[in-house]
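As structure tokens, the structure follows; a few thoughts come after it.
Owing to the predicted nature of the structure, the values given are computational and were not obtained by experimental measurement. Heavy-atom basis, side chains included; hydrogens, waters and symmetry copies ignored.
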Amino acid sequence: MGMFERDQHVFADAGPLDDSYEPEDIRERDDELAKYQRALQPIIDNRPTSNIFLYGKTGTGKTVATKYMLSHLESDAAQYDDVDLSIVWTSCENLSSSYQVAVALVNELRDAQDADRISTTGYSQQRVFDLLYDELDALGGTAIIVLDEIDNIGDSDDLLYGLPRARSNGYVDNVQPVIIGISNDFQFRDSLSPKVKDTLAEKEILFPPYNANQLRSILSPRADKAFHDGVLSEDVVPLCAAFAAQDTGSARQAIRLLREAGELAQAEDASTIAEDHVRDAQDELEKNQLYEGMQELTPQGHAVLCALAYHQALGEIPVRSRDLYQRYTSICDRLDADRVSERRVRDHLSDLNMLGLITVYERNEGLSAGRYHEYELDVPLQAVLDVLLATSRFEDVADHIRSTAADQNRLQSDFSSY
DNA sequence: TCTCCACTGGAACTGGAGGTAT
DNA sequence: ATACCTCCAGTTCCAGTGGAGA
């Protein structure tokens with residue numbers, strides 16, 4: 001018996017539960033799709049087309065709706081000789097500026113013999129924009145430029161200013177660029193500079209979070225395909241839907257939950273997927289997200305987290321920033337590492353807060369003690385130590401903290417009790 | 001109502017690591 | 001060799017904050 005036997009007694013085909021799966025029909029988004037279609041119609045009619053922006057939290061169907069609409073648009077456009085359409089798709093997930101997005105677009109358009117790709121630094125911004133305009137102009141016709149997760153570029157919005165005006169400014173002659181921006185952040189629009197806002201002349205489509213009923217209707221057909229008959233007990237899909245609806249209203253979350261529940265059931269050789277698998281899956285996914293967040297911190301981020309873990313181990317919590325800073329500096333000294341300013345440590349603390357790793361309390365004792373913050377861990381100390389122990393530099397300190405905590409009986413490894 | 005404590009967080013700047021171009 | 005590009009973590013400076021006590 002091998003360690004890795006093939007075991008498919010739960011999953012028939014996990015594909016429909018994959019992030020990249022494209023369903024052949026989109027559920028619960030009829031109004032949005034209708035609006036989307038109206039917005040794209042001018043392309044077929046050879047009329048000027050507005051830029052389109054989709055707003056909605058993650059997992060509300062923006063990307064999948066766009067893939068769906070564009071594949072229809074593409075095949076329909078092919079039937080008209082006078083419609084010349086090209087589509088370029090860029091995910092801005094790891095791109096934090098207009099510059100980087102422009103580089104990515106150029107590389108995307110130069111369909112990537114490695115030799116042609118341009119590097120991500122070194123050129124001036126205008127240079128990269130010029131290269132981009134050249135590539136677009138070479139395409140001709142209508143060029144749809146999809147910028148997924150465009151909110152990542154923050155307020156570096158030069159590209160959104162430049163692209164829509166490229167034609168009227170004479171940078172391109174043959175091409176009509178149409179931007180489809182997809183944003184997870186409703187506020188992104190407000191953060192754009194005023195000059196960008198009125199050049200974009202955009203059509204907006206809002207994707208609200210799904211409720212439990214909608215999520216159920218999205219999950220059901222996927223579940224039917226993904227699992228063998230009779231494997232799924234009937235409350236599982238509603239439960240996944242309910243959890244996800246309560247939390248974020250994200251279809252992605254609901255689908256992941258369902259998939260993870262299936263994997264847990266399969267791993268323990270269960271013949272059916274039951275409610276408990278969903279609950280366990282929920283815990284598991286939350287845990288993974290926190291671990292990932294902690295692992296991706298910079299060394300200084302780890303050091304700050306480490307200092308807070310020490311306070312937690314000693315029971316000195318919540319701790320105000322100046323005391324935490326003391327501990328932080330002594331840890332840095334012990335590690336023979338650079339220490340950063342107090343101001344910078346506060347930035348790290350607010351990063352940790354964003355990741356949901358710590359809790360911040362605002363205190364104000366007025367005239368006697370002024371205004372300050374206090375911090376404590378929002379995840380089990382054991383989880384933090386696990387990550388630090390696996391981070392070579394912090395191994396020893398983390399071990400010391402662990403034994404301190406053990407002495408004081410403050411270690412509690414049970415995640416779900418939090 | 002006013003004052004004032006002691007931090008908070010915005011903003012402008014820096015220096016070094018990536019890179020291109022001449 | 002030199003000049004110049006972007007990005008990033010970091011620094012320095014300081015106006016702003018809001019409740020307790022006068």
Problem - C/dC7 OP1/OP2 closer than 4.0 Å to side-chain N/O of A/Ser97 - result: yes
Practice task
Ignoring backbone atoms, test whether A/Ser96 places a side-chain nitrogen or oxygen under 4.0 Å from the OP1 or OP2 oxygen of C/dC8.
Solution key: yes
Fill in the blank from the handout: For A/Glu204, the side chain to side chain donor-acceptor pair (under 3.5 Å) test, sequence neighbours excluded, returns A/Arg189
Return all side-chain donor-acceptor pairs below 3.5 angstrom for residues 347-354 of chain A, not counting sequence neighbours, or 'none' if the list is empty.
unit_1	atom_1	unit_2	atom_2	d
A/Asp347	OD1	A/Arg343	NH1	2.9
A/Asp347	OD2	A/Arg344	NH1	3.4
A/Ser350	OG	A/Asp347	O	3.2

Handout entry: For atom CG of A/Asn353 and atom C1' of B/dG9, their distance in whole Å
Key = 14 Å
Problem - Under-4.0 Å side-chain N/O to phosphate OP1/OP2 contact, A/Ser321 with B/dC7 - result: no
Handout entry: Protein-to-nucleotide contact annotation, 5' to 3' order, nucleotides 10-22 of chain C [B base; S sugar-phosphate only; - none; under 4.0 Å, heavy atom]
Key = BBBB--BBBBB--
Problem - Residues in ring pair (Phe, Tyr, Trp, His ring centres under 6.0 Å) contact with A/Phe53, at least two apart in sequence or another chain - result: none
Handout entry: Which residues share a side chain to side chain contact (heavy atoms under 4.5 Å, CB included) with A/Thr121, sequence neighbours left out
Key = A/Ser119
Exercise for the section: Nearest whole angstrom, please: distance from the P of C/dC8 to the CG of A/Asp351. Expected result: 13 Å
Could you pull out every donor-acceptor pair under 3.5 Å between side chains of residues 72-89 of chain A and any protein atom, sequence neighbours left out?
unit_1	atom_1	unit_2	atom_2	d
A/Ser75	OG	A/Ser71	O	3.3
A/Ser75	OG	A/His72	O	3.1
A/Asp82	OD2	A/Asn46	ND2	3.4

Practice task
Taking the six-membered ring for Trp and the full ring for Phe, Tyr or His, determine whether the centres of A/Tyr55 and A/Phe188 are under 6.0 Å apart.
Solution key: no
Handout entry: Rounded interatomic separation in angstrom, taking CZ from A/Phe129 and P from C/dC5
Key = 15 Å
Practice task
In plain terms, say whether A/Glu263 and A/Arg259 are close enough for a salt bridge, that is, a side-chain N and a carboxylate O under 4.0 Å apart.
Solution key: yes
Practice task
If the plane angle is over 60° it's perpendicular, under 30° parallel, otherwise tilted; pick one for A/Tyr310 and A/His400.
Solution key: perpendicular
Handout entry: Neighbour count above 12 (heavy atom, 6.0 Å) for A/Lys57 NZ
Key = no
Problem - Selection: residues 145-165 of chain A, any non-hydrogen atom under 4.0 Å of DNA chain B - result: none
Exercise for the section: List the protein contact pattern of nucleotides 14-22 of chain B with one symbol per nucleotide (5' to 3'): B for base contact, S for sugar-phosphate-only contact, - for none; contact means a heavy-atom distance under 4.0 Å. Expected result: ----BBSS-
Completion exercise
Rounded to whole Å, CG of A/Asn94 lies from P of C/dC8 at a distance of 11 Å
Practice task
Not counting sequence neighbours, which residues clear ring pair (Phe, Tyr, Trp, His ring centres under 6.0 Å) with A/Tyr123? List them please.
Solution key: none
Exercise for the section: Please report, rounded to the nearest Å, how far the P atom of C/dA9 is from the CG atom of A/Leu349. Expected result: 16 Å
Practice task
Tell me whether the guanidinium CZ or amine NZ of A/Arg29 lies under 6.0 angstrom from the six-membered ring centre of A/Tyr68 and within 45° of its axis.
Solution key: no
Handout entry: Any side-chain donor near an acceptor of the partner, A/Asp157 and A/Ser193, under 3.5 Å
Key = yes
Practice task
Enumerate the residues from residues 329-338 of chain A whose closest heavy atom to DNA chain C is under 4.0 Å, giving them by residue number; use none for an empty result.
Solution key: none
Handout entry: Integer-rounded Å distance: C/dC7 C1' and A/Tyr99 OH
Key = 10 Å
Side-chain donor-acceptor pairs of residues 313-329 of chain A under 3.5 Å, sequence neighbours excluded:
unit_1	atom_1	unit_2	atom_2	d
A/Glu316	OE1	A/His311	ND1	2.8
A/Glu316	OE1	A/Arg327	NH1	3.4
A/Tyr325	OH	A/Val340	O	2.7
A/Tyr328	OH	A/Gln300	OE1	2.5
A/Tyr328	OH	A/Val340	N	2.9
A/Thr329	OG1	A/Tyr325	O	3.3
A/Thr329	OG1	A/Gln326	O	2.6

Practice task
Can you sort out the partners of A/Glu376 under salt bridge (charged side-chain N to carboxylate O under 4.0 Å, His left out), two or more places apart, ordered by chain and number?
Solution key: none
Completion exercise
In whole angstroms, the gap separating P of C/dC8 from CG of A/Leu95 amounts to 10 Å
